[in-house]
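Values below: all heavy atoms of this structure, side chains included; hydrogens, waters and symmetry mates excluded. Here, residue 1 is the first one in the sequence, and each next residue gets the next number.
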Amino acid sequence: MNDQRSAAEPAAAAVAVPEAVTALEGTGRSWADRRAALAPIALVVAGGLSVQFGSAVAALLMPKAGALGVVTLRLAAAALILLVICRPKLRGHSRADWGTVLAFGVAMGGMNTLFYLALDRIPLGIAVTLEVLGPLALSVFASRRLINVLWAGLALVGVVLLGGGGFDRLDPVGAAFALAAGAMWAAYIVFSARTGRRFPQADGLALAMVVAAVLSLPLGVIESGSKLTVPSTMALGAAVAVLSSVLPYTLELMALRRLPAPTFAVMMSLEPAIAAGAGFLILDQALSTTDALAIALVIGASIGAVRSRSGPAPRREP
């Protein structure tokens, strides 16, 4: 959600590109080889921790700036940072290029907005669990294999457990926002891959982030107004931008240069557990045994769907 995920197409590659190799394949490796194999995995874990703890900080900021205000602060700060770092070229792009980056920005803005609206109503771990169903559904639909339908069924069992059999225990509006964020994450996956093919390096991501920031600005101003200009609020918003966007994108881009896509996808499926830990440590959001079992089912379904894929498909997002 959150925002998930590379300067060009990390998450897209994670779901879309099947690989036969794993990062730790082979025997008889030297310690240097093993350390080199573990390094990209450490980068992905660090990126996941950064994203989810950034979301926890965002939840702390919401009472001051509101959910929409936090989205505006995060996207605006991330856009400024990426523009300074990437300095994307504006000339030499076709209408199709600009249409792709515009769609990418809309998906990114929608994903972040809907996720933070969900986070304002339901616990972080549950919000991420519901959101991750978007990429899972995309992988299942693209694979056209019966086994992945079974994995999707397992994930739905987890969702039913989260809702206590009917979502009476959860805020239904918050759950709906999280599911909608998952749908936008799936769209983010598709357009991040297309943007990565059309724009060099991280240029497309920087431009799409500007689009997302511009779209979110009116909503944030209407909800929060002058609260967005309070120095302490702006500082926290910048921290959320670095933790949830700039830092994880950079770490994942570095990791994807050396890490097989399925390994990355499996580790991405662990984000609900990381989010639950961040919610517990920072927001004091303890999970019941049923919640923990439900999250475990969704994680297991995501891992199973990724590992059983056999064909390419479109690729997350916040």
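- The two residues Ile122 and Ala178 come nearest to each other via the heavy atoms CD1-CB, 4.2 Å.
- The shortest non-hydrogen separation linking Ala78 to Ala241 is N-CB, 3.6 Å.
- Through direct or indirect side-chain contacts shorter than 4.5 Å among Ile, Leu, Val, Met, Phe, Trp and Tyr, Val210 is connected to Leu83, Val214.
- The two residues Ser55 and Leu119 make their nearest non-hydrogen contact at O-CD2, 3.4 Å.
- Heavy atoms only, all atoms of each residue included: Ala77 and Ala238 are closest at CB-CA, 4.1 Å.
- To the nearest 0.5 Å, atoms CG (Leu179) and CG (Leu130) are separated by 5.0 Å.
- At least one donor-acceptor pair under 3.5 Å links the side chain of Thr195 to the backbone N or O of Phe191.
- Under the 4.5 Å side-chain heavy-atom criterion for grouping Ile, Leu, Val, Met, Phe, Trp and Tyr, Met62 is connected to Leu228 within one hydrophobic cluster.
- One finds the CG atom of Leu236 at 9.0 Å from the CG atom of Leu73 (value rounded to the nearest 0.5 Å).
- Taking CD1 of Ile126 as the start and CG of Asp171 as the end, the distance is 11.0 Å to the nearest 0.5 Å.
- The side chain to side chain contact (heavy atoms under 4.5 Å, CB included) check on Ile282 picks up Phe53, Ala56, Leu60, with sequence neighbours excluded.
- Smallest separation of non-hydrogen atoms from Ala208 and Met108: CB-CE, 4.1 Å.
- Counting heavy atoms from C-beta outward, Val242 and Ile81 have side chains that approach closer than 4.5 Å.
- The closest donor-acceptor contact from the side chain of Thr100 to the backbone of Arg194 lies at 3.5 Å or more, if one exists at all.
- One hydrophobic cluster, built from ILVMFWY side chains closer than 4.5 Å, cannot hold both Val246 and Val84; they sit in different ones.
- Screening residues 219-235 for side-chain hydrogen bond (donor to acceptor under 3.5 Å, both in side chains), with sequence neighbours left out, gives no hits.
- If you chain together hydrophobic residues whose side chains sit under 4.5 Å apart, Val101 and Leu215 never meet in one group.
- In the displayed structure, Met234 atom CE is contacted under 6.0 Å by at most 12 heavy atoms of other residues, nucleotides or ligands.
- Shown here are the side chain to side chain contact (heavy atoms under 4.5 Å, CB included) partners of Leu117, two or more places apart in sequence or in another chain: Ala67, Leu68, Thr113, Phe177.
- Following chains of ILVMFWY side-chain contacts shorter than 4.5 Å, one cannot reach Leu102 starting from Phe104, and the two form parts of different hydrophobic clusters.
- Looking at every heavy atom in both residues, Leu124 comes nearest to Ala278 through CD2-CB, 4.0 Å.
- Sorted by first and then second residue, the pairs that involve residues 80-99 and meet side-chain hydrogen bond (donor to acceptor under 3.5 Å, both in side chains), not counting sequence neighbours, are Ser94-Asp97, Asp97-Arg198.
- Here Val230 sits alone; no ILVMFWY side chain lies under 4.5 Å from its own, so it joins no hydrophobic cluster.
- Cluster annotation: Tyr116 and Val57 are assigned to the same hydrophobic cluster (Ile/Leu/Val/Met/Phe/Trp/Tyr, side-chain heavy-atom contacts under 4.5 Å, transitive).
- In this structure, SG in Cys86 is found 9.0 Å from CG in Leu207, a value given to the nearest 0.5 Å.
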